[in-house]
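On a predicted model such as this, the values are computed, not experimentally measured, just so you know. Index from 1, following the sequence.
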Amino acid sequence: MSFSKSKEHASRRSVESELIESLIDRIVQVPTSPHQRSSLSSFIYRILGSNIGPPLHGDEFQLVESMKKKLSVSSEGTGEGILFADAYRKLSQRRVLKNRYAVLQLLSVLSHSAQ
């Protein structure tokens, strides 16, 4: 690699690291140790680099319904399924995300890995 490509790669890596740190700050809203942050960063890189693809069958509606059902069962009357459904409805009306299905799938994968 030439010097300019190496410098560009280092700059891109720095931006990626800042974005990952920002993601950790937004998701984990409690103080974390440097070791915990390192573990979380590694986990996020692993997820982003994985080959998460859509299931062979299914669509966004089925995924949302599955997530609502799982939240309703696991929350035992706290209304997490209803809160998720309301948040999803608001998100789908705003057209903020270009690929909602991918984000929903990421959230689903993260919820499975947290168990």
Worksheet item: Under 4.5 Å between side-chain heavy atoms, hopping through other hydrophobics if needed: is there a path connecting Leu40 to Leu48?
Response: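 Leu40 and Leu48: one cluster.
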[X] and [Y]: which non-hydrogen atoms are nearest, and at how many Å?
X	Y	answer
Ser41	Ile20	OG-CG2, 3.8 Å
Ser72	Gly81	OG-CA, 3.6 Å
Lys68	Phe84	CG-CD2, 3.4 Å
Leu63	Gln105	CD2-N, 3.6 Å

Discussion item. Under 4.5 Å side-chain heavy-atom separation, chaining through any Ile, Leu, Val, Met, Phe, Trp or Tyr, what else clusters with Phe61? Say none if it is isolated.
Written reply: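 Grouped by the 4.5 Å side-chain rule, Phe61 forms a cluster of one, so the answer is none.
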Worksheet item: When clusters are formed from ILVMFWY side-chain contacts under 4.5 Å, directly or step by step, what else is grouped with Val15?
Response: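 So far as hydrophobic clustering goes, Val15 is joined with Leu19.
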Worksheet item: Side chains of Ser22 and Arg26: does their closest heavy-atom pair fall under 4.5 Å?
Response: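 Yes - at least one pair of side-chain heavy atoms lies under 4.5 Å apart.
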Worksheet item: Quick one: does Phe43's side chain get under 4.5 Å of Leu110's, heavy atoms only?
Response: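 In short, these two side chains touch, coming nearer than 4.5 Å.
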Can you name the residues that form a side-chain contact (heavy atoms from CB on, under 4.5 Å) with [X], not counting sequence neighbours?
X	result
Ser92	Tyr88, Arg100
Ser17	Tyr45
Ser33	His35, Gln36

Item to complete: Rounded to the nearest 0.5 Å, what's the gap from CD1 on Ile44 to CD1 on Ile24? Could you check?
Response: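 That separation rounds to 4.5 Å.
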Practice prompt. Please round to the nearest 0.5 Å and tell me the distance separating atom CE of Met67 and atom CD of Gln62.
Written response: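 Answer rounded to 0.5 Å: 14.0 Å.
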Worksheet entry | Within residues 30-46 or reaching into it, pairs that qualify as salt bridge (Lys or Arg N to Asp or Glu O under 4.0 Å) - sequence neighbours excluded |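 Salt bridge (Lys or Arg N to Asp or Glu O under 4.0 Å) check on residues 30-46 returns Glu21-Arg37, Asp25-Arg37.
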Item to complete: Please check if the side chain of Ser42 supplies one atom and the backbone of Ser38 the other of a donor-acceptor pair under 3.5 Å.
Response: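 Checked: pair present.
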